[in-house]
Visitor: 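Could you have a look at this structure, given as structure tokens, before my questions?
What you see is a predicted model; the values in this text were computed from it and never measured.
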Amino acid sequence: TGVQTCALPISTFASGITDTAHTATTFTAANLSSTRYYRVMITNGACTTYSNSAAMIVDAVPVAGTVTGATTVCTGSNTSTVSVSGQSGTIQWQSSADDQTFTDISSQSGTSYTASGLTQTTYYRVKVSNGVCAPVFSNSVKVTVSELAVAGQVSGDTTVCASSNNFTLGITGNNGTVQWQISSNNSSFTNIGSATNATFSFSNLTSTRYYRALVINGACSTYSAVATVVVNPVSVGGSIEGEGAVCTGTNSTLMRLGGYTGKIQWQYSTDNSDFNDLLPADTLRDYTANNLIQTTYYRAKVTSGVCASAYS
């Protein structure tokens with residue numbers, strides 16, 4: 001018998017070697033779930049050698065994950081952040097104006113994306129890829145962009161008398177919902193409960209108040225001009241000191257009004273029934289009657305703003 005001399009193997013597998021039942025010059029691998037390496041073992045009699053190995057790299061199926069961050073912003077100056085979690089693979093953020101046709105956002109491949117300066121409602125999603133596998137797409141989230149709120153015009157500047165009063169303020173030309181607000185100093189305003197209609201009525205104010213409307217349109221808001229309701233204190237007639245008797249002809253009597261509220265107009269009467277204003281108008285708290293020749297009655301008519309006059 002002769003002795004057969006064999007060449008050394010070209011390559012060897014260290015471990016996990018499994019023979020297949022395929023002896024043809026071609027081999028088709030199907031439905032692999034993980035990377036595999038293949039080689040050919042060539043046998044000639046007692047001699048065996050091996051080909052180089054070929055890798056069948058199996059990429060994992062990408063997982064799209066879940067995108068969150070839906071919100072509403074005001075048009076123009078705004079920022080909003082959307083995020084993805086639970087994904088597996090390479091991320092590519094996409095945007096759309098109609099939630100149908102999406103385009104890639106350049107250089108945005110992180111787990112979050114911050115949009116700024118939006119002027120229209122926009123939808124966001126991620127495309128997740130891994131190797132040669134078909135990409136998958138996440139859910140989309142909506143960033144709603146609200147139009148700017150328009151304050152409109154508030155009508156109702158007025159003056160009323162304290163305690164017994166009522167009036168209605170109104171707003172026109174606004175867009176969005178209304179929240180009426182009130183202030184005692186025209187600086188710090190607070191919401192008026194349930195005052196969300198285009199008109200607002202108040203009653204029985206005892207001091208001056210300032211009103212405005214907070215107009216809200218989605219995420220946008222603005223304030224109307226301020227309407228001032230001036231409240232005049234109730235007129236108080238007060239009382240006169242200085243009643244007396246004088247001798248006809250040359251005489252002088254000083255009368256003084258005290259405890260009054262409002263503007264003074266002195267009046268006189270010869271019968272204590274029909275009174276007439278002293279002319280020219282005398283509006284000081286002190287009045288001096290001179291050189292009377294008949295008995296005369298005096299009183300003060302006191303008027304506080306728009307309030308009914310009161311008498312001393």
Visitor: Check the pair Asn232, Ser304 against side chain to side chain donor-acceptor pair (under 3.5 Å), reporting the backbone distance first and the verdict last.
Guide: CA-CA 6 Å; Asn232 296 144; Ser304 175; 5.2 Å; no
Visitor: Are any of the side-chain nitrogens in Asp104 or Lys127 under 4.0 Å away from the carboxylate oxygens of its partner?
Guide: yes
Visitor: How many angstroms lie between CG in Leu292 and OG in Ser252, if you round to the nearest 0.5 Å?
Guide: 9.0 Å
Visitor: Side chain to side chain donor-acceptor pair (under 3.5 Å), that's the test. Do Ser201 and Thr168 meet it? Break it down for me.
Guide: CA-CA 4 Å; Ser201 297; Thr168 298; 2.7 Å; yes
Visitor: For residues Thr122 and Ser95, report the shortest heavy-atom separation together with the two atoms involved.
Guide: CG2-CB, 4.0 Å
Visitor: Heavy atoms only: give me the nearest Cys220-Ala149 pair and the separation to one decimal.
Guide: CB-N, 3.7 Å
Visitor: Given the side-chain rings of Phe200 and Tyr211, with only the six-membered ring counted for Trp, is the space between their centroids under 6.0 Å?
Guide: yes
Visitor: Do the side-chain N and O atoms of Thr81 and Thr114 include a donor-acceptor pair separated by under 3.5 angstrom?
Guide: yes
Visitor: Working to the nearest 0.5 angstrom, can you tell me the gap between Thr159 OG1 and Asn165 CG?
Guide: 11.0 Å
Visitor: Please say whether the positively charged group of Arg285, taken as NZ for Lys or CZ for Arg, lies over the ring of Tyr260, i.e. under 6.0 angstrom from the six-membered ring centre and within 45 degrees of the axis.
Guide: no
Visitor: Would you find a donor on one side and an acceptor on the other, under 3.5 Å apart, between the side chain of Asn191 and the backbone of Gln181?
Guide: no
Visitor: Keeping Ser183 on the side-chain end and Tyr210 on the backbone end, is there a donor-acceptor pair under 3.5 Å?
Guide: no
Visitor: So which atom in Thr208 and which in Val231 form the shortest heavy-atom distance, rounded to 0.1 Å?
Guide: OG1-N, 3.1 Å
Visitor: Donor-acceptor check, side chain of Thr303 to backbone of Lys263, threshold 3.5 angstrom: yes or no?
Guide: no
Visitor: Are more than 12 heavy atoms, taken from residues, nucleotides or ligands other than Tyr268, located less than 6.0 Å from that residue's OH atom?
Guide: no
Visitor: Could you go through the ring-ring contact (aromatic ring centres under 6.0 Å, His included) check for Tyr287 and Tyr298 one step at a time?
Guide: CA-CA 10 Å; Tyr287 175 70; Tyr298 293 91; 5.6 Å; yes
Visitor: Examine Arg209 relative to Phe202 and say whether NZ or CZ is less than 6.0 Å from the centre of the six-membered ring and inside a 45° cone about the ring axis.
Guide: no
Visitor: Any idea which heavy atoms bring Val143 and Leu118 closest together, and the distance?
Guide: CG1-CD1, 3.7 Å
Visitor: With a 3.5 Å distance limit and no angle check, can you tell me whether Asn185 reaches the backbone of Ser187 through a side-chain donor-acceptor pair?
Guide: yes
Visitor: If you apply the rule side chain to side chain donor-acceptor pair (under 3.5 Å), what do you find for Asp271 with Ser269, and how did you get there?
Guide: CA-CA 6 Å; Asp271 59 6; Ser269 171; 2.7 Å; yes
Visitor: What about Tyr38 and Phe27, are their ring centers closer than 6.0 Å?
Guide: yes
Visitor: Within the distance-only criterion (no hydrogens, no angle test), does the side chain of Asn272 pair as donor or acceptor with the backbone N or O of Tyr297 below 3.5 angstrom?
Guide: no
Visitor: Using only atom types and a distance under 3.5 Å, with no angle test, would you say the side chain of Asp157 pairs donor to acceptor with the backbone of Thr228?
Guide: yes
